[in-house]
2 protein chains.
Amino acid sequence: MLELAVLGLLHESPLHGYELRQRLKATLGTFRAFSYGSLYPTLRRMRDTGWITEDEGDAEVVAGAPPLTGRRGKVVYRLTAEGKERLQELLAEAGPSSWEDETFGVHFAFFSQTDPEVRVRILEGRRSRLEERREGVRASLARTRARLDSYTLQLQEHGLESVDREVRWLTELIETERSQSNTGTTQP
Amino acid sequence: MLELAVLGLLHESPLHGYELRQRLKATLGTFRAFSYGSLYPTLRRMRDTGWITEDEGDAEVVAGAPPLTGRRGKVVYRLTAEGKERLQELLAEAGPSSWEDETFGVHFAFFSQTDPEVRVRILEGRRSRLEERREGVRASLARTRARLDSYTLQLQEHGLESVDREVRWLTELIETERSQSNTGTTQP
DNA sequence: GCGCGATGTATCGCCGCGATACATCGGACG
DNA sequence: CGTCCGATGTATCGCGGCGATACATCGCGC
């Protein structure tokens with residue numbers, strides 16, 4: 001969800017819309033776009049709920065020329081106290097929503113602000129969700145393989161390999177997380 | 001787009017909603033879901049436009065019990081002549097829309113119904129779009145690398161590798177396509 | 001001095017998603 | 001022999017994101 005991303009970015013420093021979008025691209029990279037068509041409505045919503053405030057960065061609007069078509073100044077967005085609470089709440093979330101395709105990447109991007117335990121639980125949740133999906137597809141593929149043309153087959157197999165790759169990636173990450181939190185009670 | 005997928009599937013045989021969804025899952029695998037929340041509205045829209053017709057599979061509705069809460073019979077969807085035309089039109093499309101993330105997979109899934117030349121153009125279009133994106137992310141990454149925390153960095157790099165993988169996959173596919181259409185005028 | 005690309009705010013309609021509701025049917029299990 | 005459950009089946013609703021588009025300003029090169 002965009003909401004988390006916005007809260008996470010604004011937690012570092014106040015920003016205006018355009019910058020926010022640049023940061024979004026820089027932070028999420030390949031993985032997700034978030035156009036203005038989502039950004040501005042989201043900002044509006046968040047302001048209305050009270051997570052953020054917006055204020056003029058440009059005070060120089062004054063009585064200049066235009067009663068109509070007023071000059072639009074930069075609008076700077078800033079976290080409120082409630083916004084910070086909300087961010088903490090979202091960062092602590094390790095339920096199904098945090099390992100959905102669309103949400104996981106955003107959560108991951110803000111892992112440095114996330115509790116180590118929660119990190120592991122999110123990574124594991126994501127992994128088992130992917131494994132489930134993989135097994136589902138594998139089963140269905142085994143059943144219908146014969147009936148499928150080569151293109152459909154190749155698509156499926158490419159998809160399967162991608163999922164596999166991500167599972168392996170997650171496994172590495174989980175191991176790293178574990179070895180970093182060396183308050184090991186269970187490990188012999 | 002769901003429209004193409006529906007047309008492609010109905011071209012093989014008439015189906016009702018539930019089957020259609022099963023086929024969708026079997027055909028697209030990991031790559032895309034398409035819930036009923038999209039399916040039924042889309043079918044409605046397509047019927048209204050005239051690409052498909054819907055008719056009762058179950059004639060056994062009759063005057064049984066319920067004037068209210070009428071028993072719902074299966075609804076079988078079938079391509080019209082216009083629908084077939086529309087399918088051909090969409091299959092021939094090799095513009096930017098066919099190499100978008102969401103659309104490409106659907107196009108690919110129906111490649112066996114697609115003209116070989118169009119296939120290559122779609123694959124190449126997809127590839128160059130991915131290469132563009134990759135270079136964009138790489139550039140931005142090189143610029144901001146120092147400022148990013150390790151998680152963001154890992155996310156970016158994982159994404160980059162995924163893109164790379166897909167590019168390699170596409171390259172293989174393109175080569176296969178080329179070598180199969182051996183009406184070589186240019187190749188010495 | 002003029003145009004063009006980057007910066008900047010904003011809206012609109014489309015489409016897909018997840019949740020939910022509701023109904024029927026066949027088989028498993030007590 | 002009843003009943004409960006999971007698969008089959010149709011359908012809607014609200015939400016959130018996307019791409020296109022509009023419009024305005026600023027700084028730079030030519």
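Note that the coordinates shown come from a computational prediction; the quantities given were computed from them, not determined experimentally.
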Gap between atoms CH2 and P, on A/W99 and C/dG18 respectively (whole Å): 16 Å
Select base, sugar-phosphate, or nothing to describe what B/Y36 touches, counting heavy atoms under 4.0 Å on all strands. base
Within the structure shown, what part of the strands sits under 4.0 Å from B/R21 by heavy-atom distance: base, sugar-phosphate, or nothing? nothing
Just how far, in rounded Å, is P of C/dT7 from OH of A/Y18? 4 Å
Nearest-0.5 Å distance, CE of residue B/M46 to OH of residue B/Y77: 10.5 Å
Identify all side-chain donor-acceptor contacts of residues 28-39 of chain A below 3.5 Å with residues at least two apart in sequence or on another chain.
{"unit_1": "A/S35", "atom_1": "OG", "unit_2": "A/G37", "atom_2": "N", "d": "3.3"}
{"unit_1": "A/S38", "atom_1": "OG", "unit_2": "A/S35", "atom_2": "O", "d": "3.4"}

Could you state the atom-to-atom distance from CG of A/L43 to C1' of C/dA10 in whole Å? 11 Å
Using a 4.0 Å heavy-atom cut-off across all strands, classify A/G37 as base, sugar-phosphate, or nothing. base
Closest-nucleotide ordering on DNA chain D, the 5'-leading residue of B/H16 and B/E102: B/H16
I need the CG-C1' distance between A/L20 and D/dG17, as an integer number of Å. 15 Å
Provide, to the nearest angstrom, the distance between the CG atom belonging to A/L24 and the P atom belonging to C/dT7. 16 Å
If you compare every side-chain N and O of B/R44 against the phosphate oxygens of D/dT12 (OP1, OP2), does one of them come in below 4.0 Å? yes
Can you confirm whether A/L4 sits close enough to A/L91 that some side-chain heavy atom of one is under 4.5 Å from a side-chain heavy atom of the other? yes
Side-chain N or O of A/T42 closer than 4.0 Å to phosphate OP1/OP2 of D/dG17: yes
For A/K74 and D/dC26, what is the distance between atoms NZ and C1' respectively, to the nearest whole Å? 10 Å
Please determine if a side-chain N or O atom of B/S38 lies less than 4.0 Å away from the OP1 or OP2 oxygen of C/dC15. no
Quick one: A/L28 CG to D/dC18 C1', roughly how many Å, whole number? 15 Å
Find the distance B/D48:CG to C/dC15:P and express it as a whole number of Å. 13 Å
Anything under 30° is parallel, anything over 60° is perpendicular, the rest tilted; go ahead and classify B/H158 against A/W169. parallel
B/M1 has its side chain closest, among C/dG16, C/dT11, D/dA11, to C/dG16
Quick one: are A/L20 and A/L10 in side-chain contact, heavy atoms under 4.5 Å? yes
Options D/dT10, D/dG17, C/dT11, nucleotide nearest the side-chain atoms of B/V75: D/dT10
